[in-house]
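Presented below is the structure to which this report refers.
The sequence lines fix the lettering, A, B, ..., with proteins before strands; numbering per chain opens at 1.
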Protein chains: 2
Amino acid sequence: MTTWSIREAAEKCGLSLHMLRWYERIGLVGPVARGGDGRRRFTDADLDWLTLVTKLRETGMPVSDMQRYAELVRSGAGENERLELLKRHREEVRRALAAQRECLKVLNAKIGTYSRLAREERSQA
Amino acid sequence: MTTWSIREAAEKCGLSLHMLRWYERIGLVGPVARGGDGRRRFTDADLDWLTLVTKLRETGMPVSDMQRYAELVRSGAGENERLELLKRHREEVRRALAAQRECLKVLNAKIGTYSRLAREERSQA
DNA sequence: AGTTGCGTTAGAGCGGACTCTAACTCATAG
DNA sequence: CTATGAGTTAGAGTCCGCTCTAACGCAACT
């Protein structure tokens, strides 16, 4: 089974070395296995998990919620609560999505008028 | 011309009294006119601006960028830089939008499997 | 006259999420 | 055999965006 150094893992999942260590410390991932020299050896499963965690973070799930979720997954139980957490976050994401779309409309309109102004100014000169 | 107390303004734009004062302090809005008693009187223009500001914040524009934008608008100049700021933020919003969509897919899949598990468990009992 | 309520200011404090530092251990290269 | 480099830990520090506090002013009610 192939495993990855912290550096490789960082590369693969787009997090910094600091973040990987910190995520492990706070229980957001792992505990990650160590090699004979005491260094982290990330498995593919670790990386998959990190990919999920990254997506959740990127979309604004609070670290504390992710900690709770990770804890439940590690314990192998609490399916109901896990479902709850995911559903709650999904609602959050949907809300945010709507807000982004709304804002995009406003931005497009504003950018349109500014660009129009610039064009007029140029043709006037 | 109708104007609004800080309380009414807060109600209308969904920000707290604290936030309205703070936004003014840091130059994100106003300066807001005062009545004879020294209290704020928000105009409709102020409220429109606050609505925009709120949208920008909700979609993650940094406060410092909004300060800069507000400063330019107040000065009445810097159309190019304003355009820049808006375009940059639009890119950011588009990026976020894509991330949210991506995450939503993952969430739906995960929620699907958890729900399926729960259903099976129930029917097994 | 006093107390209640809404407002004012400037500044301190807080919570979240990193981000960096110091001190240490190994392993390899020169 | 020492110096370089990649890793380890625990803890301190930083940045952002609020959020709260203290001390005060004014006006209306009782």
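Considering only residues two or more places apart in sequence or on other chains, B:E79 meets the side chain to side chain contact (heavy atoms under 4.5 Å, CB included) condition with A:Y114, B:R82. The side chain to side chain contact (heavy atoms under 4.5 Å, CB included) test applied to A:R25 returns A:W22, not counting sequence neighbours.
A donor-acceptor contact closer than 3.5 angstrom links the side chains of A:T43 and A:D46.
With a 6.0 Å radius and a threshold of 12 heavy atoms from other residues, nucleotides or ligands, B:E11 has its CD atom at or below the threshold.
Remark: the backbone N or O of B:A9 is not paired with any side-chain donor or acceptor of B:R40 at under 3.5 angstrom.
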Where protein sits on nucleotides 7-22 of chain C, one letter per nucleotide: B base, S sugar-phosphate only, - none, heavy atoms under 4.0 Å: SBBBB-----SBBBB-
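The CZ-C1' distance, from A:F42 to D:dG7, rounds to 12 Å in whole Å.
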